[in-house]
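Please read the structure below before turning to the comments.
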Amino acid sequence: MIHIQNYINGGFTDPIKNEWLDNICPADGLVYGKLPNSCTKDVQIAYEAAHDAYLSWSETSIEKRSAILLKIASLIEANLERFAVAESKDNGKPISVARSIDIPRAASNFRFFSQAITQFYSESHEVRSQKTINYTLRHPLGVVGCISPWNLPLYLLTWKIAPAIATGNCVVAKPSEVTPYTAFLLGEICNEAGLPKGVLNIVHGLGSTTGQAIVGHPNIKAISFTGGTETGKLIAKTAAPFFKKLSLELGGKNPNIIFADCDYNKMLSTSVKSSFSNQGQICLCGSRLFVEASIYEKFKVDFIERVGQLIVGPPSEESTQIGALVSKAHFEKVLSYIDGIDKTQNRVLFGGKRMRIQGHENGYYLSPTIIEVNSNQCKLNQEEIFGPVVTLMPFESDDDVLEMANDVKYGLSATLWTNNLKRSLLFSEQLEAGIVWINTWMQRDLRTPFGGTKSSGVGREGGFEVLRFFTETKNICINYE
Ligand code: NDP
């Protein structure tokens with residue numbers, strides 16, 4: 001049994017009330033560890049450690065902060081296999097995915113922000129006629145909160161922690177209670193890299209208690225949150241009376257728009273990935289596929305054939321392409337969308353069933369599922385399912401598909417497949433999304449702004465955007481007449 005502890009003030013501690021939660025392996029539904037069910041007092045202790053570390057850390061030179069972040073990146077890489085095995089076991093994702101995507105990206109997050117901070121700048125503005133010069137300072141905020149979801153556990157936690165500490169803040173972080181393991185391992189790495197105690201504190205527990213205690217703490221100055229839209233609303237409401245800075249990266253229901261003039265083979269193989277990578281549990285997955293009517297029937301046949309070739313299996317097996325869904329509750333939620341379809345309007349073209357994997361009969365395996373829908377207004381197209389379920393619909397014209405793509409409450413990302421330049425430019429301008437991919441998907445450059453519009457979030461992370469988020473801006477105006 002794994003015994004996960006809170007990481008506070010550079011040490012590992014049990015929760016004050018000695019209350020524990022089960023850590024369940026989605027591959028077989030068995031409990032394999034315990035994690036703290038932390039209370040408000042645990043959060044307060046973490047806050048105090050962060051507060052005590054703040055003065056010294058915020059005045060530590062950029063070179064030194066940068067060197068420590070770089071060391072953390074190298075140590076994650078040196079421990080890649082250990083982290084990948086833990087992530088795969090905790091989350092149910094294929095080991096190949098944890099090894100090639102999640103853990104390398106966690107290292108990249110630290111490496112990227114170790115460099116970005118050395119290039120971060122502020123502005124000055126001169127008005128010669130008035131003999132004034134303005135200059136802008138960007139100071140760290142103090143103690144900040146980072147709350148992350150279960151789908152890309154270490155990847156998204158470090159996406160927040162790295163820029164927060166790079167800019168001189170101290171952090172109280174909470175990973176999802178469903179996937180705490182790699183966050184626990186990160187504490188050891190931070191100590192080994194020489195991160196001063198208290199700069200990063202990781203408190204485990206439920207969102208509704210531990211998470212809420214972080215968001216509602218009067219002296220935690222900012223919250224960087226990634227998770228569901230409903231949770232985001234609650235966080236915004238809790239944080240509002242304190243006027244905290246908020247960065248909310250929320251849900252998505254992303255369109256994947258396929259025109260007949262695209263590079264068909266590239267589109268087909270990328271669409272399989274953008275639909276089902278990580279069991280469809282990526283906020284950027286394209287879950288609504290709109291296909292131009294002239295190639296709709298061909299696409300349908302080819303897509304079903306390719307999806308049918310995906311190997312669903314235990315996460316620990318090298319050949320597995322689709323692992324287990326993250327938890328029983330999530331599995332049941334995803335399945336309820338499929339079971340609840342209106343069969344007069346929608347048709348399951350492939351999958352839609354629980355899979356019993358030999359030797360892992362109680363694991364949360366669902367076959368990749370393709371559903372043909374009649375209308376973009378159906379529940380399957382309007383609500384985020386966040387699992388291996390996509391819908392297909394044909395379209396006749398540019399105007400029709402643009403309208404359907406935008407006719408949803410979310411606005412995170414959109415993918416467009418076409419070789420028509422004019423259409424690419426018009427769609428990029430008119431799609432209501434924070435991120436638009438043209439003839440590709442999920443190619444990420446960490447310098448770019450990342451985030452969504454509408455119910456997909458508020459603010460942008462990534463690059464200098466997040467360094468601005470984690471700093472307080474002050475303008476100084478001097479008259480030199
Ligand atoms: P949740 O919103 O349920 O949880 C996210 C995190 O918030 C978890 O750590 C959770 O803790 C915590 N939490 C829950 N309630 C509260 C609360 N009241 N106060 C403070 N913290 C709280 O999301 P999921 O973990 O289910 O993740 C899936 C969602 O994340 C999907 O909607 C997906 O689209 C979105 N997402 C968005 C991304 C983006 O960049 N826009 C990227 C990845 C995912 P606990 O788990 O312990 O309840």
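Counting starts at 1 for both ligands and their atoms, in listed order.
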Exercise for review: Determine, using heavy atoms of Leu156 and all atoms of ligand 1, whether some pair is separated by less than 4.0 Å.
Suggested key: yes
Exercise for review: Using a 4.0 Å heavy-atom cut-off, say whether Leu284 meets ligand 1 through its side chain, its backbone, both or neither.
Suggested key: neither
**Study point:** Glu81 bridged to Arg99 by N-O distance under 4.0 Å
**Key:** yes
Exercise for review: Could you tell me if any non-hydrogen atom of Ser148 lies under 4.0 Å from any atom of ligand 1?
Suggested key: yes
Practice item. Please say whether Gly228 places an N or O atom under 3.5 Å from an N or O atom belonging to ligand 1. Key: yes
Review point. For Lys244, does the NZ atom sit with more than 12 other heavy atoms under 6.0 Å from it, leaving out its own atoms?
Key: yes
Exercise for review: Quick one: list whatever passes salt bridge (Lys or Arg N to Asp or Glu O under 4.0 Å) with Asp407, sequence neighbours left out.
Suggested key: none
**Study point:** Heavy-atom pair with the smallest gap, counting every atom of Thr167 and Pro140
**Key:** O-CB, 3.2 Å
Practice item. Decide whether an N or O pair under 3.5 Å exists between Ser456 and ligand 1. Key: no
Point to revise | Heavy atom of the protein closest to atom 13 (N) of ligand 1 (residue, atom name, distance) | key: Gly207 CA, 3.3 Å
Review point. Gly451 near ligand 1, heavy-atom distance under 4.0 Å?
Key: no
Point to revise | N or O contact, Thr229 vs ligand 1, cut-off under 3.5 Å | key: no
Check your understanding: What part of Glu384 sits under 4.0 Å from ligand 1 if we count only heavy atoms: the side chain, the backbone, both or neither?
Key -> side chain
**Study point:** Any N/O pair Lys174/ligand 1 closer than 3.5 Å
**Key:** yes
Check your understanding: Taking the inter-plane angle between the rings of His3 and Trp20 on a 0 to 90° scale, is it parallel (under 30°), tilted (30 to 60°) or perpendicular (over 60°)?
Key -> tilted
Check your understanding: Does NZ or CZ of Lys89 fall inside the cone over Tyr181's six-membered ring, less than 6.0 Å from its centre and within 45° of the axis?
Key -> no
Check your understanding: Should the pair Glu87-Lys93 be classified as a salt bridge under the 4.0 Å nitrogen-to-oxygen rule?
Key -> no
Revision key, fill the gap. Heavy-atom proximity to atom 24 (P) of ligand 1, picking from Phe225, Trp159, Trp150, points to Trp150
Exercise for review: Using non-hydrogen atoms of the residue, decide whether Pro175 is closer than 4.0 angstrom to ligand 1.
Suggested key: yes
Exercise for review: Let me see the working for Phe12 and Asn191 under side chain to side chain contact (heavy atoms under 4.5 Å, CB included), right down to the final yes or no.
Suggested key: CA-CA 11 Å; Phe12 292 92; Asn191 286 350; 4.2 Å; yes
Review point. How close does the nearest protein non-hydrogen atom get to atom 42 (C) of ligand 1, and which residue and atom is it?
Key: Cys283 SG, 2.6 Å
Exercise for review: Output every pair passing salt bridge (charged side-chain N to carboxylate O under 4.0 Å, His left out) with a member in residues 223-243, not counting sequence neighbours, ordered by first then second residue.
Suggested key: Glu230-Lys233
Review point. Less than 3.5 Å between some nitrogen or oxygen of Phe450 and one of ligand 1, yes or no?
Key: no
Exercise for review: Could you say whether the N/O atoms of Asn151 and ligand 1 ever approach to under 3.5 Å?
Suggested key: no
Practice item. Look at atom 1 (P) of ligand 1 and find which of Thr231, Leu250, Ile214 reaches it with the closest heavy atom. Key: Thr231
Check your understanding: Just by modelled atom types, is the Val389 backbone N or O under 3.5 Å from a matching donor or acceptor in the Thr369 side chain?
Key -> no
Review point. Does Thr226 approach ligand 1 within less than 4.0 angstrom via side chain, backbone, both or neither, non-hydrogen atoms only?
Key: both
